[in-house]
Amino acid sequence: MLEVAKVVEVRGEDAIGAKDRPGHLTGASDQDVVEWAKRGHEAAFRELVRRYERPVFSLLYRMVRDRGLAEDLAQETFIKVLNGLGSYNPQFRFSSWIFKIANNAAIDQLRKRELDTLSLDGSPHATTPEAMRATALQLGDKRETPLQELEARELGGAIERAIARLRPEYRSCILLRHVEGHSYEEIARILELPLGTVKTYIHRARNELRGYLADRKE
Amino acid sequence: MTPTPDTRHLTPDEVELWAEGLLPAARDAHLAQCDACRATAGGERKLFRDLAQLTRFAPEFGFVERVMAKVKIPTPSGPHFRSHSDS
């Protein structure tokens, strides 16, 4: 019996199908990789992390604007997702599920730490120029650490600064739509919002972004 | 009989369709004749491009290993442990 199993492992395509084998995970669908992970194949878990580490980390980094914190949240997200594969509903895209968990982690963190729309230009709640200056992030400060310098380089461009000024819920919507390429319906599912609300948020976010970018040109 | 020209301005959804090359021909015809819609659509398309070109940031080196250290992998099972007769 052992011999038969060995043969199947070596000449597995007939019995298993090429897409089912760990060696072919790169081209397999997320659903197939998840199935492999559920069967206990470590390579499948690694493949899921490799596929989504950049998109998930990028979303979180743009949401919380802190590399270390974004990495902690990304780790939490993956651990939660990979240890909870049994509850994944394959009717929906795997990416929708993982972004939902990542976004919830970011929103919880923003609420806890009140980072929300505290932007490079100062808090939107500030009512005077002095208050704006006092609450602005000082990314050009000479005393900044190498990590802060990296963050300033990565998030200091005009479009990144404009995104940072959006309300968190607008930011999630715009990143999921225009960076990750999710449909409005998928975003509604990820954020657990009505479809109409998602459309409204995205249209408002785009108007705000165009406004912020135009302000910088003037 | 000549059809009446469509004078309605593009909605935000239609602008998005246009940027993706999916706007119906009738509405495309309106865009060709309407300076206001062309200006709006041009601005939107530039924004979409800027957003689509944003960097995909990577976490620190070793991220996969740090995650894997905390993942509980179930005991292996599945097709490649089955015999031919099981398939």
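Here the structure is a predicted model, which is why all the values come from computation and not from measurement.
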If you define the side chain from C-beta out and look only at heavy atoms, does anything of A:Leu85 sit under 4.5 Å from A:Trp97? yes
Quick check on B:Leu47 against chain A: is it the side chain, the backbone, both or neither that has a heavy atom closer than 4.5 Å? side chain
Looking only at heavy atoms, which two atoms of A:Ile101 and A:Lys80 are closest? And how far apart? CG2-CD, 3.9 Å
Assert top hit (heavy-atom pairs under 4.5 Å, partner chain B, pool A:His178, A:Glu35, A:Arg67) equals A:His178
Inter-chain contacts: residues 49-61 of chain A against chain B, heavy atoms under 4.5 Å: A:Val49, A:Arg50, A:Glu53, A:Arg54, A:Pro55, A:Phe57, A:Ser58, A:Tyr61
Any non-hydrogen side-chain atom of A:Phe94 less than 4.5 Å from a side-chain atom of A:Val81? yes
Would you say that A:Met63 contacts A:Pro168 through its side chain, given a criterion of any heavy-atom pair below 4.5 Å between the two side chains? yes
Set out, in order, the CA-CA distance, both residues' side-chain angles and the distance that settles side chain to side chain contact (heavy atoms under 4.5 Å, CB included) for A:Arg210 and A:Leu213, then state yes or no. CA-CA 5 Å; A:Arg210 276 200 315 279; A:Leu213 291 168; 5.9 Å; no
Would you find a donor on one side and an acceptor on the other, under 3.5 Å apart, between the side chain of A:Thr200 and the backbone of A:Gly196? yes
At a 4.5 Å cut-off on heavy atoms, which part of A:Ala37 comes close to chain B: side chain, backbone, both, or neither? backbone
Can you find a pair of side-chain heavy atoms, one from A:Arg39 and one from B:Pro74, that are under 4.5 Å apart? no
Counting heavy-atom pairs under 4.5 Å with chain B, the top scorer among A:Lys199, A:Glu71, A:Gln75, A:Glu42 is A:Glu71
Minimum heavy-atom distance between A:Phe45 and A:Leu82, given as atom pair plus value: CE2-O, 3.5 Å
Against the six-membered ring of A:Tyr170, is A:Arg167 placed for a cation-pi contact (under 6.0 Å from the centre, within 45° of the normal)? yes
dist A:Asn103:CG -> A:Ser172:OG (nearest 0.5 Å) comes out at 3.5 Å
Of all residues at least two apart in sequence or in a different chain, which pass the salt bridge (Lys or Arg N to Asp or Glu O under 4.0 Å) check with A:Glu76? none
Sort out for me which of B:Lys70, B:Lys72, B:Glu44 touches chain A most, counting heavy-atom pairs under 4.5 Å. B:Glu44
A:His203 meets the ring-ring contact (aromatic ring centres under 6.0 Å, His included) criterion, sequence neighbours left out, with none
Under 4.5 Å, counting heavy-atom pairs only, tell me which of A:Glu180, A:Arg62, A:Arg177 racks up the most with chain B. A:Arg62
Using a heavy-atom cutoff of under 4.5 Å, enumerate the residues of residues 14-27 of chain B that contact chain A, numbered in order, or state 'none'. B:Glu16, B:Glu20
